[in-house]
Amino acid sequence: MDLSFTGQEEEFRARLREWLTATLPTLPPRPDPLDWPGRRAYDCGWQRRLYDAGYADTHWDASPTQRLIFLEETERAGAPYVGANFVGLLHAGPTIAAEGTPAQRERWLPPILRGDEVWCQGFSEPDAGSDLAALRTKAVRDGDTYVVTGQKIWTSHAEVADWCELLVRTDPEAPRHRGISWLAMPMDAPGVTVRPLRTLAGSTEFAEVFLDEVRVPVSHRIGAENDGWRVTMVTLSFERGTAFVGEVVACRRLLGELARAARENGTWDDPVLRRRLGRLSAEFQALWRLVQANVSEARATGGVPGAGGSVFKLHYSHARQELYEAAAAVLGPDALDLDHDWTLDRLSSLSYTIAAGTSQIQRNIVAERILGLPKGR
C-alpha cells in the first residue's frame, strides 16, 4: 500500500501553508472565550476568509487526504477552529448535503459555507436522557406548516444561532423510532425562547430552548415525514465519525506542549509521567489512523461515515479526558487556575463522554452493529 502523498496533494499543502502564513497575522484579536456574540463574529469572519480563498468546503467536497492535510496545516499554524460554526459546518450541513432536496441544499449550504448563518442542535430533551428516541417535542401538521411544542436542552450554540436542526415527534402513535422528523427551524420564529446554561468554566455555549406553538414550514423538513430517525443517524454518524477530526490534531499538538512544559518545570523527571505521555502519544497516533480510515470510508460510501465512528468517538472521549488529567499533573497547583487554557479545556473534557452520545450508547452500537452481539433485554 502506497501511503505517500501525490504531487497534487503536496501542492495543495504548500498552497494552503502559504495562504495561512499570509492570512493569520491579519486576523483581529481573539474575543473573550465567554463572549459568545463576539466569538460568533470572529468565527464567522474566519469562515468567510476560508470561503473567499476557496477552502470553505474542504470538510465536504475535498478528497479525504486533502481534508486531513487541511486539518493538519490549520492546526499546525494555530488557525481558528470552526467554533460557533461547528453544528452547521460539521453536522447540519453534511446532513442536508446527503439528505436534502436540491432546493434545500441551495438554500442552506452556501450560507453555512460563507459563515453567514450559524446553526444549533436541538436533539436532547430533559426527560429523555440518553434515550434520544424517547423525545416528546411534538409537531402537529397544519396545512403547509408544523406547529411545534416542547423543550430541548444542551442545545449547542442556541444563544447565537440562526437555525436549529430540530428533532420532533410527528406521529405519537407510531413506534417511537418511526414517528420522528428532522426539521430546520428558524431561531427567530415566534414562540422560541432561549435560556443559556452556564458551564463549569463559566461559558454559555449550551442552552435550554422552549418551543411554544412554533410554526415551521413543511418545506423545512429534511427527509420524509416520520423518517427522521434514519436522517438523525446520518447526522450522528458525521458527529461521531468526522466532526472531531480537528480536535485529534489539536490533542497531538498539546502533547508536545505538555512535554516541553514538563521539561521546563521539572515534572519530566517523573518516570510515571513520562510513560503516561508516551502512552497517550501512541493512543492519539492510533486515533489519527482511525480518523484516516473513517474519512476514507465516508468517501467510499457516499460521504456518510459508518458505525466505525462510534469506535472512534468512544476511545477519543476517554483519551481526551486522560490527556487533560496528564496536563493537570504537569501543571501541579496551577491546574486550579481558571485563567489557564489547559484548566478550562480539562473542565470541558468532562463532557466528552456524554456529548454526541454517551459512552454507554457507543458501546451498545459497537456491540450490536459491529460485533453482532444480541441486544440486551
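Residue numbers count from 1 along this sequence.
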Exercise for review: Return each pair, listed once, that meets salt bridge (Lys or Arg N to Asp or Glu O under 4.0 Å) where at least one residue sits in residues 162-175; pairs must be two or more places apart or across chains.
Suggested key: Arg40-Asp162
Revision key, fill the gap. Taking every heavy atom of Ala207 against every heavy atom of Pro196, the minimum-distance pair comes out as CB-CA, 3.7 Å
Review point. Is there a donor-acceptor pair under 3.5 Å between the side chain of Thr6 and the backbone N or O of Glu9?
Key: yes
Exercise for review: Would you please name every residue forming a ring pair (Phe, Tyr, Trp, His ring centres under 6.0 Å) with Phe70, sequence neighbours left out?
Suggested key: His59
Exercise for review: Take Glu18 and Arg15 through the test salt bridge (Lys or Arg N to Asp or Glu O under 4.0 Å) and record every step on the way to the result.
Suggested key: CA-CA 5 Å; Glu18 181 180 1; Arg15 187 169 65 252; over 6 Å; no
Practice item. Fit a plane to each ring of Trp163 and Trp108, take the angle between them on a 0 to 90° scale, and name the class: parallel (under 30°), tilted (30 to 60°) or perpendicular (over 60°). Key: perpendicular
Review point. Would Arg49 and Tyr55 count as a side chain to side chain donor-acceptor pair (under 3.5 Å) if you check the C-alpha gap in whole Å, the side-chain angles of each, and the deciding distance to 0.1 Å?
Key: CA-CA 9 Å; Arg49 288 179 184 241; Tyr55 295 114; over 6 Å; no
Check your understanding: Between the main-chain N or O of Gln47 and the side-chain N or O of Asn85, is there a donor-acceptor pair closer than 3.5 Å?
Key -> no
Practice item. Examine distances only and state if a side-chain atom of His220 and a backbone atom of Leu183 form a donor-acceptor pair shorter than 3.5 Å. Key: no
Point to revise | Closest contact, heavy atoms only, Thr149 versus Asp212 | key: OG1-C, 4.5 Å
Exercise for review: Classify the side-chain pair Gln151/Glu208 by whether it contains a donor and acceptor separated by less than 3.5 Å.
Suggested key: yes
Study note, to complete from the structure: When every non-hydrogen atom of Leu273 is compared with those of Ala262, the smallest separation belongs to CD2-CB, 4.2 Å
Check your understanding: Below 4.0 angstrom, N of the basic side chain to O of the carboxylate: do Glu75 and Arg252 qualify?
Key -> no
Review point. Stepwise, does the salt bridge (Lys or Arg N to Asp or Glu O under 4.0 Å) test hold for Arg107 with Glu117?
Key: CA-CA 11 Å; Arg107 165 59 188 88; Glu117 294 178 346; 3.1 Å; yes
Check your understanding: Atom CD1 of Ile69 and atom CG of Leu16: how far apart are they, to the nearest 0.5 Å?
Key -> 9.0 Å
Practice item. Measure the acute angle between the ring planes of Trp154 and Phe206, then classify it against the limits of 30° and 60° as parallel, tilted or perpendicular. Key: perpendicular
Point to revise | Under 3.5 Å donor-acceptor, Ser156 side chain and Cys120 backbone | key: no
Practice item. Compute the ring centroids of His91 and Phe86, then answer whether they are less than 6.0 Å apart. Key: yes
Check your understanding: Taking only residues at least two apart or on different chains, which pairs with a member in residues 136-161 satisfy salt bridge (Lys or Arg N to Asp or Glu O under 4.0 Å)?
Key -> Glu125-Lys152, Asp127-Arg136, Arg141-Glu225, Asp142-Arg215
Exercise for review: Quick one: closest heavy-atom pair of Ala139 and Val148, and the distance?
Suggested key: CB-CG2, 3.9 Å
**Study point:** Under 3.5 Å: donor-acceptor pair, side chain of Arg274, backbone of Trp268
**Key:** yes
Check your understanding: Side-chain heavy atoms under 4.5 angstrom apart, residues restricted to Ile, Leu, Val, Met, Phe, Trp, Tyr: same cluster for Met185 and Val218?
Key -> yes
Review point. Hey, does the side chain of Thr23 reach the backbone of Leu20 with a donor-acceptor pair shorter than 3.5 angstrom?
Key: no
